[in-house]
Structures are given as C-alpha cells and as structure tokens.
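A short write-up of the structure that comes next.
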Amino acid sequence: MTEPRSVPRSDRSPWNWLLIIPIAVPLLTPLYNMDSPRLWGFPAFYWLQFAFILIGVTTTSIVYQMTHRRAVSPSPAASTSPSEAGDE
Amino acid sequence: MSDHIVEIVVFSVLFLLVSGMGFVAAKWRAPKDMAHLDEWGLGGRSFGGWITWFLVGGDLYTAYTFVAVPALIFGAGAAGFFAVPYTIIVYPIFFLILIRLWSVSHRHGFVTPADFVRTRFGSPTLALLVAITGIVATMPYIALQLVGIEAVLKTMGVTGDSALARHAPIIVAFAILAAYTYQSGLRAPALIAFVKDTLIYIVIIVAVLYLPYKLGGWGTIFDDASAKFAASPAPGDGITLNTNNQLQYITLALGSALALFLYPHSITGVLASKSRNTIKRNMSALPAYSFLLGLIALLGYMAISAGVKPLPGAKAGSVDSNTVVPLLFDQQFPSWFAGVAFAAIGIGALVPAAIMSIAAANLFTRNIYKEYFRRDATPAQEATVSKIASLVVKVGAVAFIIFLDPQFSIDLQLIGGIIILQTAPSVGLGLFTRWFHRGGLMAGWAAGMGLGMWMLYSIPNAATGRKHFGGSAFPLSDFGFDTPRTIYVGFIAVLVNLVVAVIATLILRALKTPDGIDGTRPDDFFADEGDPRLETARTTPDAVGSST
C-alpha cells in the first residue's frame, strides 16, 4: 500500500497525551461531587466543573501550539494517482 | 396575548431580520458555481477560524439544549449538569479523532461520514447502514428544535384552539428556513450563527449578572434549590449527585460526547472548515460555549428560586417543563428584553435545524441516491438532489411536531443518541485502524442497535407514569447485579457492539471471507490545506478554485 517515494507524515506527538487530562478529570465524580467549599455561593460541584473548562482550554491550547507547525511542512512526493481509483 | 405584545414584536422583528440575512447569505463569499455539493452542502470547504467557531458553536449548542438542559436541572438538579463535563470532553475527542476525518475527507472529497466508511471498508452496504443511522438520528433532532421554538411561543401566549392554528407560526418559521437553506445552503446558518450567538451571549451575561442580584445571590439560589429537592419525594434529585447516579452521570457525559462527534451535523460543520489548524484552534476556543451552557443550565435553579411554575403540557395534568426558562425571562425582565431572549432561542433553533437538514440531505444524496439510483450523478445533480432532500427533511420534522405528541420526538432523540453511537466502531475506530472486517462491523452495529432498543424499551418513568422509553438510565439490577446504580444505555450498547464486531471479525477472518478493499492510504489521515493530491481527487476544478 505505502509507496516508498511518499514521505509519510504523521500526527503522532507525545503532546497529544496531555489531552487525556480534560477527558479523564471531568469523569472522576469523587473529585468534585460535594457542596463545600463554596465559592461566591457556588457549591464545589459547580465551580469545580466550570474550572475544568479552563483545564480543557489550557491543555488543547498547549497541544495546538506544540503540534501545529509540524503539519505545515509540505510533502512534495504525494502528488500522483487519484486515490479513489482503488474504490470497490 | 396582549400582555405579550412587546415581546411578540421584538421577537418577530429580529426573526425577520435574520431570515433576510439567510437569503443574502447565498452571495456571501460567493463561489463561481453554486451548483456543486461542496458549495451548497459544505460552504466551499473554506471557512476560517471565526466562521467555524460560530458555525460549530451554533450547531452543537441547539435551541433545544438551551431549553431542555435548564429544564432538567429544574426537575432533577445535579444530574442535569452532565452537559458541562460532556461538552468539556468532546473537544479533546474532536481534536484527536475528527481532525483525521477532516484530512481524509479533504483528500478524497468526502462529504459525509458514510462516504469515508464506503472507501475505507470497501462496502456500500456498511456505508448505507451508517447513512440511514445518521438520517434516523438527525430527523427527531430537527423536530426538537421546533419544540424549542414552541416553548417560547407558548410563553408568549401564541397558541390557538385547533392544531393548525397552534402550529401556524412554526409552519411559517420553518417555511422561511426551508426557503433560504434551499437557496444558500450551509452559508445561511454560517451567517445567521453570528447573530444568534451574539444575542445568546448578551442575554445570558445579563441574566447571570442581574438575576442573582435580584434573587439574593448565588448562595441563596442554590439553597432554595436544595430545599426544593429535599422536600420532593424523588430519590435521585439534589444539588449534588448521590451514590446511585454517579455512574449514570459519567457514562452519559462520555456517551453523549462520543455521540456528538458522530452526528452528521457536527461532521458537516467540521468538514466545512478550511484547514487542520482551523479545527485545532477552534477546539481550544469552543469551550467558551461550554461556559455559556453551564450558566444557562443554572437558569433552572434560578427558576426554582424565583418560584416559576411550568405551563401545562399537551396532556391534561402534565406540565411542560421546557417552558421554565422562557417563563423565567417573561417574569423577571422587562418585556422588550424578554423578547430579545425569546428571539435568541427562536433563531437558535434555526441554525442547527438548517445544518442538520443539510447533513441529512447530504447523506441521502451521496450514500443512497448516488450509490443506488444514479451512479454517474454530476456534482451539480448532487447539489440539486440535496437541496430537494433538505426540504423533504424539514417537512418531515414539522409533520413530526404537528401530527405526533412532542414527547415522541423527545423519545426519538433519546434513541437517536444511542443509535448514532453504534456507528462509532466504523467511523471513529475506522479512522485509526482497518483491523475490523466489514461484516464484523455490520454484526456489531446490529447487536448494539438491538440491545440499545431493548434496554430503552424496558426503562419506565415513574414521574410521568410511562412504562417504556422513560429515560436513558438503565438499572444495573436488570442485568442481575445486586445494586441500585444506573448506567447510560448507549454506553452498554456500544460496548456490546464492539465486542461483537471483534468476535465476528475474528470468525470472518478465520473463514477467509473476502474483505473490502481499503481505498485510503496512511498519509491520507494527515493531509492538510493545499494538499497536492486534492486536485486529482476532486471531480471539478471549481471547488478547488474557491477554496483558496
């Protein structure tokens, strides 16, 4: 399948593992399922989950910053053969 | 009705203004040739960061969400807040998975997730299953947008005695929507989304600053809610979770996030963006909407604190809890501002309804019409078929609401989330591995569907006295476990789907059953904007010209 002349690019990056955090943390209910301490009247259950949004923003921003440059480098070899020819 | 005249005027003016924008949208970023499915159905695959942000945000956070999530919080408390973790975990998932779908679709010119499945697994039949699943899951979702508008109309007192009079405003609204979607395609919701989201942000920011001040502070609001739940006989409610519904909360959040990225309308929004970087950047900016959604959810508690009583439902003795947020605005704000809030919800229904109908129409065109009726359809013919199909889909959605109990649409949407999850192994895992046999995926799909349906059918709802389709929380005791805990149906169904797919794949491989040919190459999954193979893969040069 893979031809030797095509330079396989990849979107693999160790930084992607960072995205486990915003996926896993909001699913760990024991971390935040309580009323106190309250913040501005918000029970912990609510303000902590709002805080998790910030964790999500931070981690995705970091991963984007660390990975987006690599994708720009063009691959000069991959310019032939219509790819849908192998269909069916 | 006269009490609400200011609200109705503000609502109508904003609604008509936005409708005008919908028609003008055809000329916005106009392509050389609109008669191409890439143009009508994907906006030329050219949307940059800002447009994508508004489009996907307007797409995922629907009017129904804005009405139903606070209604859930109003009724059950903390369990309804699952929408927040759900919309946190969805973006890393998009970031890791949908980005690959964008790349492979960019290179091959795929318009729908089923297009990808067809090429990846060499199986039009599997693609057909994915397409039908997508259409069936999307239809009731569109109908639910109408439920959102209807909650607003009801609060404004726009009701009639006969079924036709009651639904006349919705029919008019949807006729306008259908007309400009037909003309402008995906450009219409993309342009309208700017107005919709600006209105919603303004309304919610004002509401969350003003209402707590008026109701005695956030602490009082939560205490009032807590007191209400303590007094109610229902076992599962409260402002925090209890031991029995935590597993449900987690699996519902995760399952909903996985379902969301499989819904055809989310995929349409993502495929319309112009590059991988646009998508990745958006995944860090879209959680702004999750913040908004969290605040909207808390309107449910404010409604408790303000003593809102929901309007009566369609059946005698029932209440329509979807009216709590519109009523809260009606009672707490000057009528002109309530009118703006209602317009935000009404317009909020139009954006997702347009995108969903386009997504369903694209599925029909690409994976049913072109596959089975007209193999040699040109892109212009595809665009025409899709435009007509989008009309049919909208008429169908209106018919759902007029002729059937709205509860039926809500049930179907519940089912929709679970059935769309059954495409996860083909679409989601298919982006990473070709290990599965096409027959295995079909077997898994069938098993997941069957089990999911059975589980939903067996869930009663004590609050409404219904015996079947009472919710998505399945008691584990029904599987023979000695526990009162519940779990999200979709989660179990998709696990069974996976197990069956794995076993069937092993069997089919052992029997040397022919597998389809994989039409993709490993580097297809990393292709980016300006990819050199793009031009050879596309059917017409027009689309390429307009995407630069």
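Protein chains get the first letters and strands the later ones, always in sequence-line order, with residue 1 at the start of each.
- Heavy atoms of B:F94 lying under 4.5 Å from chain A are absent altogether.
- Contact count versus chain B (heavy atoms, under 4.5 Å) is highest, among A:I55, A:T60, A:I62, for A:T60.
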| said: For a side-chain contact (heavy atoms from CB on, under 4.5 Å) check, start with the C-alpha distance between B:V84 and A:F52, then their side-chain angles and the critical distance, and finish with the verdict. | reply: CA-CA 9 Å; B:V84 171; A:F52 295 162; over 6 Å; no

| request: Take B:Y91 and A:L19 through the side-chain contact (heavy atoms from CB on, under 4.5 Å) test and state the conclusion after the steps. | output: CA-CA 9 Å; B:Y91 296 114; A:L19 295 176; over 6 Å; no

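- Across B:I89 and A:I23, no two heavy atoms sit closer than the pair CG2-O, 3.2 Å.
- In this structure, B:G294 and A:F50 approach most closely via the heavy-atom pair C-CZ, 3.5 Å.
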| field | Intermediate values then yes/no, side-chain contact (heavy atoms from CB on, under 4.5 Å), A:F42 and B:L298 | value | CA-CA 10 Å; A:F42 282 70; B:L298 294 178; 3.5 Å; yes

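- Across B:I88 and A:Q49, no two heavy atoms sit closer than the pair CD1-O, 3.6 Å.
- The structure places CG of A:L27 at 12.0 Å from CD of B:Q246, a figure rounded to the nearest 0.5 Å.
- For B:Y372, the OH atom is densely surrounded, since the number of other residues' heavy atoms within 6.0 Å is greater than 12.
- When A:G56, A:S61, A:A24 are compared by the number of non-hydrogen pairs under 4.5 Å with chain B, A:S61 comes out ahead.
- Between B:F95 and A:V63 the shortest heavy-atom distance is CE2-CG1, 3.6 Å.
- The greatest number of non-hydrogen atom pairs below 4.5 Å with chain A, out of B:Y86, B:Y301, B:F82, is found for B:Y301.
- Here the closest heavy-atom approach between residue B:F222 and residue A:G41 is recorded as CD1-O, 3.3 Å.
- Heavy-atom minimum distance, A:V57 versus B:S284: CG1-O, 3.6 Å.
- Proximity to chain B is absent for every atom of A:V25, based on heavy atoms less than 4.5 angstrom apart.
- Under a 3.5 Å cut-off, the side chain of A:Y46 and the backbone N or O of B:I239 do form a donor-acceptor pair.
- Contacts between B:Y249 and chain A at a heavy-atom distance below 4.5 Å involve the side chain alone, from C-beta outward.
- Taking OG1 from A:T29 and CD1 from B:I250, the interatomic distance works out to 3.5 Å, rounded to the nearest 0.5 Å.
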